[in-house]
Structure formats: C-alpha cells, structure tokens
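Naming: A, B, ... by sequence-line order, numbering from 1 per chain.
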Number of protein chains: 2
Amino acid sequence: MRSLLDVQRRLLPDFLTVMQKRYDILRYIKNMQPVGRRSLAISLNLTERTLRSEVDFLKDQKLIHVSSSGMLLSEEGEIILEKLEGIMREVMGIDLMEQDLKRQLSLGEVIIVTGDSDQSPWVKSELGKACANRMKQEWTGKNIIAVTGGSTMAEVAEMLTPDHESKDLMFVPARGGLGEDVHNQANMIVSKMAEKANAFYKVLYIPDQVSKEAYLSFMKEPTIKEVISLIKSANIVVHGIGDALAMAQRRKTGPEVMKVITEGNAVGEAFGYYFNENGDVVHKVKTVGIQLADLDQARSVIAVAGGKSKAKAIRSYMKTAPASTVLITDEAAAKELLKG
Amino acid sequence: MRSLLDVQRRLLPDFLTVMQKRYDILRYIKNMQPVGRRSLAISLNLTERTLRSEVDFLKDQKLIHVSSSGMLLSEEGEIILEKLEGIMREVMGIDLMEQDLKRQLSLGEVIIVTGDSDQSPWVKSELGKACANRMKQEWTGKNIIAVTGGSTMAEVAEMLTPDHESKDLMFVPARGGLGEDVHNQANMIVSKMAEKANAFYKVLYIPDQVSKEAYLSFMKEPTIKEVISLIKSANIVVHGIGDALAMAQRRKTGPEVMKVITEGNAVGEAFGYYFNENGDVVHKVKTVGIQLADLDQARSVIAVAGGKSKAKAIRSYMKTAPASTVLITDEAAAKELLKG
DNA sequence: TCTGTCGGGACTTTTTATGTCCCGGTTATA
DNA sequence: TATAACCGGGACATAAAAAGTCCCGACAGA
C-alpha cells in the first residue's frame, strides 16, 4: 500500500489533496448530518460553490443522500468512510510525524522520508534527495553554502542536480580538517556538490599535524584567509549529525580527547562539536570555520541524519540547534525520537 | 492495496483513468524510445495536444527526458513504471481476468500480459518473457522440452536466459516438418532456445517432397529414430496457436487440403492440427513427433498466443486442450475470449 | 545540402471550475 | 398558523484550465 501511495504521489500529485478533501467532507457530513450546504461550507472552509461540486460528485457516487432537510451519509458512504479512516491515517502519518517532531524539537521545519537508513541503503539516497530538493528552495540569488562531511552528506551531493537557471552558488566546507577519512571529507563533498550542481566551490586544506608556527603562518596565507572569510559569510549551512562515539572513533581522536568524550557521556556530534544528552557541548574540535554560535547568522541551517541508531544523536544536538533549523530525517529515526 | 484501490475507484474514479493514461504513455515511451511527440500520439490514439500536456507533466516530474531526438524514460521513470506494472494489473483487473479465463476454458493456469500483440510489437516480447519465466518454473531436474515454430515462439526463444544452475535441459522440435518458413521453423527455434538457455538440443530435418521409399528408409536411420524417441518422451511441450487460414497459407498447403480446411470451417491451428469452432480436428498434417493424444503424457503443456485476432483460434483449440494446459496470452485476446 | 522529424512557442477555441444570485420548498419555532 | 431560517438546485457570468491549430528553428540522417 505504501508503494502504491508513493507511485500515486508521483504520478498524480493532487490526488492526495482531493482525496483528503473528499474525506473531510464525508467526515463532516457524518458528524453534522443532516447538514446544509452553506453551513457545511463554512465548517470546512470551502466556498459554497466548490463544496457544491464535490457534493454533486458524492451524490453521483451514491455516497451521500441529499434531501430537503440536508445531506446525510448513505450506507455505502459509511463503509467507504470507514475504510478511508485507515487509509488517511497511513497517508497523513508522515505529515503528522513531521508536525509533531517540529513541535517537540522546536525546529523551523521537519522533513521525513519513509524507511530506515540503518536497514535499507536506498533510504539514505532518499534522504539525500529530500535534502537536495530542500536546498534548492533556498537558492534565490547569490548563495554561499557551507557543508560538512559524512556519508549522508555524500548522498546529498550525489543527489544534487543543476538548476534550470544557473544560479550564483558557491560551496565551501563548513569547518577545517576534523581528521576525517578523505572519502567522505567535507572538501570532497564540496567539490562533488559543485560538480553536480554546476556551481563554484572552494576547498580548505588545513595541515593536520604541524608545528604551531607553521600552522600560524599557513593561516596567514591570503588564499586561505579568503576561503575562511567566505565560509564565515555563508548564508546556508548543511550538515550531518553523527553518533558521538562512532564519529570520534572514525576520526583520529587522541586518547585524552576520547576520555573527555566518553566521560562526558557525549551521544551526538555535529560539525566537530560533541553533545551530551542535555545538549551541552562536551568537546569541540578546534579548527577554523563555522562555529556553533555562527549558525544563528546563517539564513538557513539544514541538518540531515537518518536511521533509528541516530535518534539519540539527533535529539542531543537539537537541544542547542538554532530554532530555524530544518531537520531532514527518516521514518525510523522520527519514530524513535517521538517515542520520548 | 486491494481495498485502497476499491476506495479510490469510488472516490476518485477519474484519477484512475488518468493514472492509466500516464501508465500507457510511459509504457509506450519505454518501448519506442527515443520517440517523438507526434508518432507517439498516433500510437496511443491521443491527440497531439493532450499528449503534449501529459508529456509536460511527466517532464516536470522527471520521469522522462526530452531531447531533440525524442523522449526517453528517465531512470526514475523506469522505477515508477515497474511499480506501476503491478498496480495496473490490479486496477485493470488482469488478475481477475486470469481467474475468469481459467475457469471459462477450464485450464490449469492462465497468464495475461497487458497490451495487444496485434497493435504493439513489444507485447509479443512481453508474451515471450512471460512464457520464458513460466517455463523456468518447470525446470527441476532433467527435462526434455518439445517446442513448435511460429513468430511468437521465436520471441519466447529470444527471451530465454540461462538459469543460475545449468540444469539438464534438452530442446527438441515437437513435430516434423510442417512446411513452414525456415526463419520461424521449429528447428530454428529449438537451436535458438538451446543457445539462449545454455542447454542441449536436437533438430529433426524431415525431407518434404520425396518418394515413399526414400522417406521410409530415412525414418529407419538410427539418428532420426533417436530424435523421435526423444520427442516422444518430452515432458514439457511449449507451442503457439495460430489462425487456421493464416497458418495454412503460410505453409505450403496444397489446394485439396486447403479445401478441407476452409470447408471444415477451421479457425484454429496448433502443431499441425486444424480445429473448427467446436474444437473438432478438421485436418492434421501427417508427420512424426508429438500427436494431439500424446499431450496428456507430458507433465506440462504451455500454449502461447496473443492479439485480439487470435482469440477465436485460441478458443477453438482450448476446447480439446489438456485440462492442465497453461495458457499465456495478452490482454486484448483475453478480453475477446471473455466476451464470449 | 536537403528532408523529415524533433520540441516547443504562440494563439484561439472549447471545456470545466468557480463565483454569485436567486427561487421555491421544507421545517422548526414563535 | 405565520414566519424566518435553512434546505437544494437552477441559472448565468467569469475565470481558469485544457485542447486544437499552426508554425518555427534545431537537428539527425540520407
């Protein structure tokens, strides 16, 4: 049934809105019957005429009876409505979860894709696609987009497509080296995104293990400074969220920092910051680029993470995330988050 | 899914017709790509303008790509179409038709593919694919498979693929020479099938116009006798069904036999037997190999034929076909058959 | 280089949906 | 029993969407 709805969503986009409308009408009639056209229209927030067209249709389908005292559900109408009850719960399920999550985490927007990234690899692609689409909505005029690394972000990059009109887009890594694997490193993602979106990009290679002097002189390089100032002026930030321990292990994290992370009970990680369950910063990787406090400056912040296993991490980070953050996640994570 | 569709049929009837239309468009594009708007419109029996609106929609949904050389299915389009395949079977009631037809003709199984072989050439390929799949289900252990000729059987051969484990398969022609064109002759099909399925085969070349003595001595050849005994021990028979007159004309049928066929009101033909509307044998081509009575010995008999024009032929043959016969046909023929 | 097919722009016509107003009948109520 | 409120539905103007029609320049294949 899910797949049928998915296909229909694609092939007949206004299908669902019409179904919803007719469902509402039937529901209201059931509860207000016998009811007249005008009062029903007011209750449903429909104009009299549109309601009338719908009513004519429902009458043709023999789902309602129309008499001089008003409209009432027919027997068949009752049966159909009963079946619809269950269908709409399924159809609206995701929307409801989005609303609930948005309220619970007090975010700007929540987008949920069906499935579980932990179990089905393609769900991650769906996350990526959803994120890519959401990003595009922000692309009006000139934009500097700061992105982080991670496998989910890599999927996002993969799913980007050039926009009809080539906008003025510049991709930059959100922060300097975090010790990540080259493959899903922010720099890699940045270049991939730019390639896919047919846009510009700048990368930032910060030497990892060098003397303090070398580092400082490196930071004075004009080209580096230019990139950093670009990053600081980014108006869109797109980042993943990771499990704290998993991220720490994946990165070349020293034993003393590891101790801080474990003893601080860190559970979530986002762009180099480690958070405990209360959303407190337990540790931050010192590097250049966007800092947690800078996020409020950005016009839009999009966080992408999915899979049941990531629920805790998402919750921890969202405690301190900017209120306008857009969270893109999957069904499994959303369910887990809503569980409490 | 069943109940969801039932509800939708009632609540949004015209959405289903739209879905059907878009399904058809996608299907035609898949099989004709790259294809232009005008020729597609003709094939689909749509006016250019309506097709254009639909195409614009599908393009917006990224289900098709449009280039100067024509339209083609996008990757997503392929995925959606695949899912639609199953959905539309349900919507169009193909599954129901299969059950009805099975009962009406009292057969072992009926498989219907969508479309009309007479109108869309690729439907024949679909028939072939369906048949190939069905055949594979029978391939457990050692099998001798007797096949007939014909263009539909040629498609079946084309669609065969080697099985994961190479089974012990032997293809043989079902009967001796029937006077067919070399191209779609049983021997040709046999070798093609064996090649595609990575199996063994034996052909049977019977001299057509020779003296009785030559013929008899030929039949005493050990190699020929061996092939004939193989044929007789076939446990799977796959054959086409043809229109009686068309088949008789295609084969080098003499005028006196032609008279028998026409005066006997033959309508159907299968492996050299001609049947009238009551299923009586009007004429049989005398040749070696499997006879009508032998069919009951075979573990499984699969008959393949499609196209509205073949409906009468199918019905006539099915009157005498073994009760366990598997019929593989297309939507158009099935509709015609069910019409009565 | 020519020819036929390609997509798509532009315009008119047709169809459909919606907005608006009103009428005659029914019903609850004063 | 008179009356006001509410009922569905007819009628018609208007807005919006779909379909019909024609044409153009691009491009591939002969």
Side-chain angles (χ1 to χ4, degrees), chain A residues 11-74 76-77 161-166, chain B residues 11-74 76-77 120-121:
Chain A
L11 214 61
L12 315 147
D14 30 356
F15 180 94
L16 287 177
T17 63
V18 175
M19 189 155 88
Q20 169 92 45
K21 180 159 59 168
R22 293 186 180 161
Y23 168 63
D24 285 340
I25 294 172
L26 287 177
R27 215 156 38 106
Y28 271 70
I29 292 179
K30 180 192 167 82
N31 291 310
M32 296 171 73
Q33 63 185 328
V35 62
R37 203 204 309 146
R38 275 159 265 250
S39 66
L40 188 58
I42 292 167
S43 304
L44 281 160
N45 265 330
L46 294 175
T47 65
E48 191 192 324
R49 199 57 181 74
T50 55
L51 175 62
R52 193 169 162 184
S53 306
E54 293 300 330
V55 162
D56 284 345
F57 168 82
L58 293 172
K59 195 172 50 180
D60 280 351
Q61 294 291 321
K62 305 248 170 70
L63 296 177
I64 59 175
H65 289 137
V66 178
S67 71
S68 58
S69 57
M71 301 173 276
L72 28 149
L73 234 55
S74 73
E76 288 181 275
T161 51
D163 229 13
H164 29 289
E165 313 145 38
S166 69
Chain B
L11 210 62
L12 313 138
D14 28 353
F15 274 77
L16 288 184
T17 64
V18 174
M19 186 157 85
Q20 168 97 44
K21 178 158 63 167
R22 296 191 176 157
Y23 166 64
D24 285 337
I25 295 173
L26 287 177
R27 212 157 43 105
Y28 271 68
I29 291 179
K30 179 194 168 82
N31 290 301
M32 296 172 74
Q33 63 186 327
V35 62
R37 202 202 313 144
R38 277 157 264 250
S39 65
L40 187 59
I42 293 167
S43 303
L44 281 160
N45 265 329
L46 293 174
T47 65
E48 192 190 321
R49 197 59 181 76
T50 54
L51 175 63
R52 190 168 163 185
S53 306
E54 293 300 331
V55 161
D56 284 345
F57 168 82
L58 293 172
K59 195 172 50 179
D60 279 350
Q61 293 291 322
K62 306 250 170 71
L63 296 178
I64 60 174
H65 289 138
V66 178
S67 71
S68 59
S69 57
M71 301 173 274
L72 25 148
L73 234 56
S74 72
E76 288 180 273
S120 322

Any side-chain donor near an acceptor of the partner, A:Thr50 and A:Thr47, under 3.5 Å: yes

Upstream residue (5' side of DNA chain C) when A:Arg38 and B:Gly36 are each assigned their closest nucleotide: B:Gly36

Atom-to-atom span, CG of A:Asp56 to C1' of D:dC7 - whole angstrom: 14 Å

Separation of atom CD in A:Glu54 from atom C1' in C:dA17, rounded to whole Å: 11 Å

Non-hydrogen atoms of B:Arg27 and B:Asn31 that approach each other most closely: O-ND2, 3.0 Å

OP1 or OP2 of C:dA17 under 4.0 Å from side-chain N/O of A:Ser53: no

Candidate nucleotides D:dG20, C:dT18, D:dC7, ranked by approach to the side chain of A:Thr50 - the nearest: C:dT18

Atom pair distance, as rounded to whole Å: NZ in B:Lys21 and C1' in D:dA18: 10 Å

Would you tabulate the nitrogen or oxygen pairs shorter than 3.5 Å linking the protein to nucleotides 10-15 of chain D?
from   : atom 1 : to      : atom 2 : distance (Å)
D:dG10 : N7     : A:Arg52 : NH2    : 2.5
D:dG10 : O6     : A:Arg52 : NH1    : 2.8

Closest contact, heavy atoms only, A:Glu48 versus A:Ala41: CA-CB, 4.1 Å

Salt bridge flag under 4.0 Å for residues B:Glu76 and B:Lys62: no

Heavy-atom side-chain proximity of B:Gln33 to B:Tyr28 below 4.5 angstrom: no

Non-hydrogen side-chain atoms of B:Met71 and B:Pro34 separated by less than 4.5 Å: no

Rounded interatomic separation in angstrom, taking CG from B:Leu72 and C1' from C:dC6: 12 Å

A:Ser69 side-chain N/O to C:dT26 phosphate OP1/OP2 under 4.0 Å: no

N/O (side chain, A:Ser39) to phosphate O (OP1/OP2, D:dC7) under 4.0 Å: yes

